[in-house]
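Presented below is the structure to which this report refers.
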Amino acid sequence: MRTSQLISRNLAYYWRTNLAVVLGVATATAVLAGALLVGNSVRASLRDLVVQRLGQTSVVVTSSNFFREQLANDLKADTQFSKNGFAEVCPLISLEGSVTHEPSKRVASSIRVYGVDDRFWMFHHHQGSAPQNRNVFVSQTLARELGTNIGDSILLQVVKPSEIPLESLHSKKEDLGKTLRLSVAAVLDAEGLGEFAIQPQQTGARAVFISLPLLQRELEETGKANFILVSSTDPGNTHADLITKLVNQQITLTDLGIQLRTLDRDGRSVISLEHESKVLPNSLAQTSENVADKLNIAHSSYLSYLANNITAGTHSIPYSLVTALSDSDFHKLLESKHQTGTSSAGAELPPIILNEWAATDLEAKTGDVLSMDYYFWQEGGRLETRTAKFQMAGILPIQGLAADKNLVPDYPGISGSANLSDWDPPFPVDLQRVRPKDEDYWHQFGTTPKAFLPLSVGQSLWQTRFGKVTSLRFLPENISPGDFETQLKQAVDPLLMGVAVVPVRAQGLQASQGATDFGEYFLYFSFFLVISALLLTTLFFKLGIEQRIQELGTLRAMGFGPSKIRTLFVTEALVLALAGSLLGLAGAVVYGQLMMLGLRTWWVAAVGTTALKLHVSSLSLAVGAVSAIVASLLCVALTLRGLRKQSTRGLLSGSLTSNISVMTASKTSVGIAVSLTLIGLLLLLAAAFHLIGQVGGFFGSGSLLLIAFLFFQSSWLRRRTQNSLTGVGWWPIAKLGFRNTSYRPSRSILCIALIASATFIVVSVDSFRHRDGQAVLDRKSGTGGFPLLAESLQPLVHDPSSREGREALNLVADNPDAPLNEVALSRFRVQPGDDASCLNLYQPRDPKVIAPTDDFLQSNRFAFQNSIPGSAEETANPWLLLNRDLGDGTVPAIADANSLSYVLHLKLGDELTVQHGDRAVRLRIVAALSDSLFQSELLISEKNFVRLFPDQQGYRFFLIDVPNHDRSPDVAAALEDRLADFGFDVQSTSERMASFHRVENTYLSTFQLLGGLGLALGTIGLAAILLRNVLERRRELALMRAVGYNSRHFTLMIVAENALLLFGGVATGAVCALLAIVPVLLTRQGQLANLSLGFMLLAVLVSGLSASILATWVTLRAPLLAALKSE
Amino acid sequence: MGPSGTGKSSLLYIIGALEPPSTGRVTLEGQNPFELNEKQLAEFRNQQIGFVFQDHCLLPQCSVLENVLTPTLVSKDGRDATQRAEELISKVGLSDRTQHRPAELSGGEKQRVSLARALITKPKLLLCDEPTGNLDHQGAEVVASLLLDLHRQQNTILIVVTHSSELASRFPTRYELVDEQLRLRNDGPSS
């Protein structure tokens, strides 16, 4: 006979118990592997979505402005393009927009508008063709949202990027978009490219596809695009570096908005450099000057501006153009033969030179003091009138440089006007002040400046963050203008000029790893289910061992050493574990499928998409199976360890005794229990004072307290009772039942542990739920006391708190009772980016960044979870941390604590890098908001924002104060109506909070459900224990029957025993849960849903007691007295 | 021999190295088993001692032959034990039951299997704790005869603990345990 024979005999003979062990392991495997499958499936589904939505796109070239459509073909024509595995290109226009469904008036904002032609379909190897004329295609998701059908009319509003910076004097501030009336020609599903999206997102794509030529025409950008899609022959080829290099080579200065003109000045060629924004970006100016210096080309800088008035004494000239030129050029003018009069050196006021015409009109002479009024667009949305004083330094005849009308950029509404009185600039002008001689000047000299200043003076008055010169001029001696242009093009970095080359496929695939590791989450959720399964496995294995106690003794007596016995049992356990894990793998697929079904249906609020499918990964299955086997074997090893100390004689007699005295065992248990309780309470305190995370505190303290309570109960069960069982009636019989729980204390403790761990989950999870509708108006709540928030499609640059701003924005109320009275808007600048909240399943690479105005920071609203203040003021108002200079190049940022923990995986003090163009912006987290409505973004100061993201202008996010909260709906409607041109979309803050809470609450429901399954397992374990105990004590029960006990007595006794275990488990779990959630309740000022919780626990008790009654009935059906007979 | 509770079984377990003595020493062929480590002690029990218990302690999942062979699984020379096992089974009169399970045997038959199992490793010492305690008269007689025959044939030292004077009377040397003292009784047949 071989050992393997003995093992196979054992496995077959004790098949009932072994089957229970196998099922226990199978359950643990199914849950462990299933949880990993869920994580894998979510990741794979997100990956599938990215790939499906990108179509053939590998890399995207984008620009903040429009470039030639032909650039796409230029890229493809380069030999390096195809040599490096790139295949096709497709230019298109991509803009943000909003759409109104005319029949129903439903509005969808923040949609994507794609101007496409047939190349788009060819690029994606698709049969379709582009919409023509005023027909559009809409994506299925958008069609569903609007309730639109083919043939319906829609109003499409798109944002047209402004060439001139919005927050500068010469830009239009209103009517920035274009509204088109169009007809829906088709609804595109995913197969029809309707789900096309560059940005990874799990929610359906909300897109409108419009004819490219039509959109180009409407935007006055014929032949232009702002996006190029690039495909690759190898999907794995995601290197954008080559495309960047090709873009650098093929892009022209015109594509970058750079305007180079060759002018003739006094017989010499002069190259004038301007930019379409009407001011030269500082980087461009610097680069150009560097190129000129390298080529030994002389250059001059000019800054031109419009003066509302130039006044000398009682004389005044309206609307004059003034040019500041380099200080050396200014002094040359002063000393030139053209100049009339002399300068007065050492003057206190800055000097100014007037041309003859102006000097004559003002009757001014050298040395006179002049004042100049001009508009200045203040950051923050105010148009200011400023005044500067000068001392007249000279008079110039209108010739040479003084006659050069090209010194002034082409300002829209000004430069192209035939008459001065036809001016239509984007700021207020009083054309009544224009005199006939002003018109004469305009007709004769146009935009020729009337006055000149030194550049340093001009810049001190007029420079902005967008630039400090309006043009540069170069005097090439030995180089042709064409060669200079070539040199300049090579030196200019398109990435600094708003062009970006993005490896969208690689980034999308990276992002699909997910911010939320669902595998990890479902492992947490299933944690207690796994523990319950393992406990059940241990329970049944232990039962099996106890069944074979005598066999164990016999083997020992026959000379089987401890290691041999251990090997025998562990080998059996391994076989059972392997069988269980194989069975469990099938269960894992079922469990995973059920969880994915749940995520698509009942728990869809947690993921926001129904596109998740099960993907079976052999790695997940293997890891789950191995983990379950290892965990099961550990449980078995622990069980066997307990048998080492059993005496052989004890085993032979069939009883489990301990060499350790009851007193010692009891003392040890109490000692361990007290230690664990203390550590658990310490963890609780640490969580309450935010020294450790709440989740860690909850799990850590909860687990320790649970184990501690179990040790206390173990000690209690093993105690030697002093009181004897006496008396008559039902109570002493019930007490006999209670006494029976100490028959096999470890079995009873296992049972209690099963019930307690599941109860713990069910009770505690409920405390983490968010209950919406609370304290919206509390300034220290997650809404900051703001009832409404809004986002706009077009940025608002006017300050709505100023009278002029309200007038410009049409927010002036018609009557004193109008809802817009006393409404205050807090404004935020927005750098678009990835959603950093739990609503986004994809890993945010570059989170959205917003910046409030300074008055918002000072208002100290919202509650903070923690911060790293450096002063008493910052402690009192953590918002002030945003203004701190950290000194290491990082920028202070504030984020919501939930986003930090669960999405960005950061903590206070950590650094995060956001990519902007070719520049990495380093943010440091200095404070964490507590459950706020800012979960989708990071916040920085406005000062840092305008420095880091100069191309983002105006304000697009708003928090709205409504003193009379009941009027919030009216205010929302009024704002949306008045600011419809800006695509203003108002939402209640409680709705925003609810959307975040829905996700969290859904996760908690999942957790509770799985905890409930664990509870069900616990009830099965309890019934099994009960049956086992009764079977083992049949002779004892038979004796009691023989002395007069009837079935009702037995039922009472057994039910009482079971009830004690059940109540013990529920009470233990509930008490530990209530203790563990104290920090959470304090932080969230939460409450327990007492009623629903009570019902749940009652259900547990009822089901457990029902199981025990059923088990009792089954057991007592067989005649007991036969057990009294020997053999 | 001795009345219940005098410590007869305890003495047997100490002799059989199943329980350590609180005082004193046990040696078998000069070796004190309690000076050995666990592994050596198990080997000692396997090779030197055979046990027969009152309630036979057969493995219910194994056949008669397998039960007899069980000690050989951990024996150094257990490979060719099957023939010896069959011989022993034959000697105890159960040749036609080798494939039967314990549940299919009577009490006496189970005890005979237990006896064969105890002798499979040719132990020097055969210890029996109330070997006929659970048997009827006939079964007890058979087992008692077998015990004596086999111990003679196998040349083992046989120590039996019993409260049955009938069984005791068949042994040449009898001790009585009274008041923790072991006293020789001379009222039996000579060896």
Side-chain angles (χ1 to χ4, degrees), chain A residues 1-19 544-569 571-572 575-576 640-641 643-655 657 659 1035 1125-1127, chain B residues 9-10 12-14 16-20 37-63 65-76 78-79 81-82 85 101 103 106-107 110 114 117-118 120-121 123 127 129 134-136:
Chain A
M1 176 164 151
R2 291 190 298 275
T3 311
S4 55
Q5 263 177 285
L6 180 60
I7 291 172
S8 60
R9 289 273 182 267
N10 293 341
L11 287 171
Y13 187 79
Y14 298 106
W15 69 270
R16 287 186 187 83
T17 322
N18 290 339
L19 181 61
I545 298 273
E546 286 169 4
Q547 214 175 357
R548 295 157 66 180
I549 288 294
Q550 208 178 48
E551 180 183 325
L552 216 64
T554 308
L555 290 174
R556 269 208 210 167
M558 283 191 276
F560 279 64
S563 62
K564 184 71 185 179
I565 292 176
R566 199 166 42 245
T567 307
L568 261 176
F569 280 97
T571 310
E572 280 180 42
V575 171
L576 294 174
L640 287 174
R641 224 166 152 254
L643 293 173
R644 279 189 78 174
K645 299 195 174 85
Q646 299 294 330
S647 68
T648 309
R649 188 172 183 183
L651 294 173
L652 282 165
S653 66
S655 71
T657 56
N659 292 340
R1035 295 187 70 161
K1125 298 178 192 166
S1126 60
E1127 297 291 323
Chain B
S9 296
S10 298
L12 201 72
Y13 282 118
I14 291 170
L18 288 178
E19 262 185 26
N37 62 31
E38 263 192 84
K39 191 174 165 199
Q40 289 166 335
L41 179 57
E43 223 176 278
F44 180 86
R45 280 207 290 266
N46 182 255
Q47 297 298 309
Q48 307 294 339
I49 304 172
F51 264 104
V52 176
F53 301 101
Q54 182 174 358
D55 53 358
H56 52 78
C57 294
L58 294 181
L59 303 184
Q61 64 271 31
C62 297
S63 64
L65 178 61
E66 286 165 347
N67 265 289
V68 172
L69 283 170
T70 305
T72 65
L73 291 178
V74 290
S75 188
K76 280 183 184 158
R79 284 205 191 121
T82 309
R101 296 277 173 96
S106 68
K110 285 179 198 169
S114 178
R117 181 181 66 189
I120 186 70
T121 55
L127 303 175
D129 184 11
N134 286 350
L135 303 177
D136 57 20

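To find a chain, count down the sequence lines: A is the first, B the second, and so on, and within it residues start at 1.
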Quick check for you: among [options], which has the greatest number of heavy-atom pairs under 4.5 Å with chain A?
| options | result |
| --- | --- |
| B/C62, B/P123, B/P60 | B/P60 |
| B/E19, B/Q54, B/R45, B/Q61 | B/Q61 |
| B/L41, B/T121, B/T70 | B/T70 |

Write out all pairs satisfying salt bridge (Lys or Arg N to Asp or Glu O under 4.0 Å) with one or both partners inside residues 551-569 of chain A, taking only residues at least two apart or from two chains.
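Qualifying pairs, neighbours excluded: A/R548-A/E551.
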With sequence neighbours left out, which residue pairs that include part of residues 46-55 of chain B fulfil the salt bridge (Lys or Arg N to Asp or Glu O under 4.0 Å) condition?
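Non-adjacent pairs meeting salt bridge (Lys or Arg N to Asp or Glu O under 4.0 Å): zero.
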Which heavy atom of [X] sits nearest a heavy atom of [Y], and at what distance?
| X | Y | result |
| --- | --- | --- |
| B/F53 | A/A557 | CZ-CB, 3.8 Å |
| B/A42 | A/F560 | CB-C, 4.1 Å |
| B/C57 | A/L652 | SG-CD2, 4.0 Å |
| A/R2 | B/L73 | C-CD2, 3.5 Å |
| A/M558 | B/P71 | SD-CG, 3.3 Å |

Which bit of B/L59 is near chain A, if near means a heavy-atom gap under 4.5 Å: side chain, backbone, both or neither?
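The side chain, not the backbone.
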How far does CZ of A/R9 sit from CD of B/E66, to the nearest 0.5 angstrom?
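So the gap between those two atoms works out to 3.5 Å.
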Counting heavy-atom pairs under 4.5 Å to chain B, which of A/T554, A/T3, A/T648, A/L6 comes out on top?
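Option with the top pair count is A/T554.
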Kindly indicate whether the side chain of A/Q5, heavy atoms from C-beta on, has any atom under 4.5 Å from the side chain of B/L69.
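No; the side chains remain at least 4.5 Å from each other.
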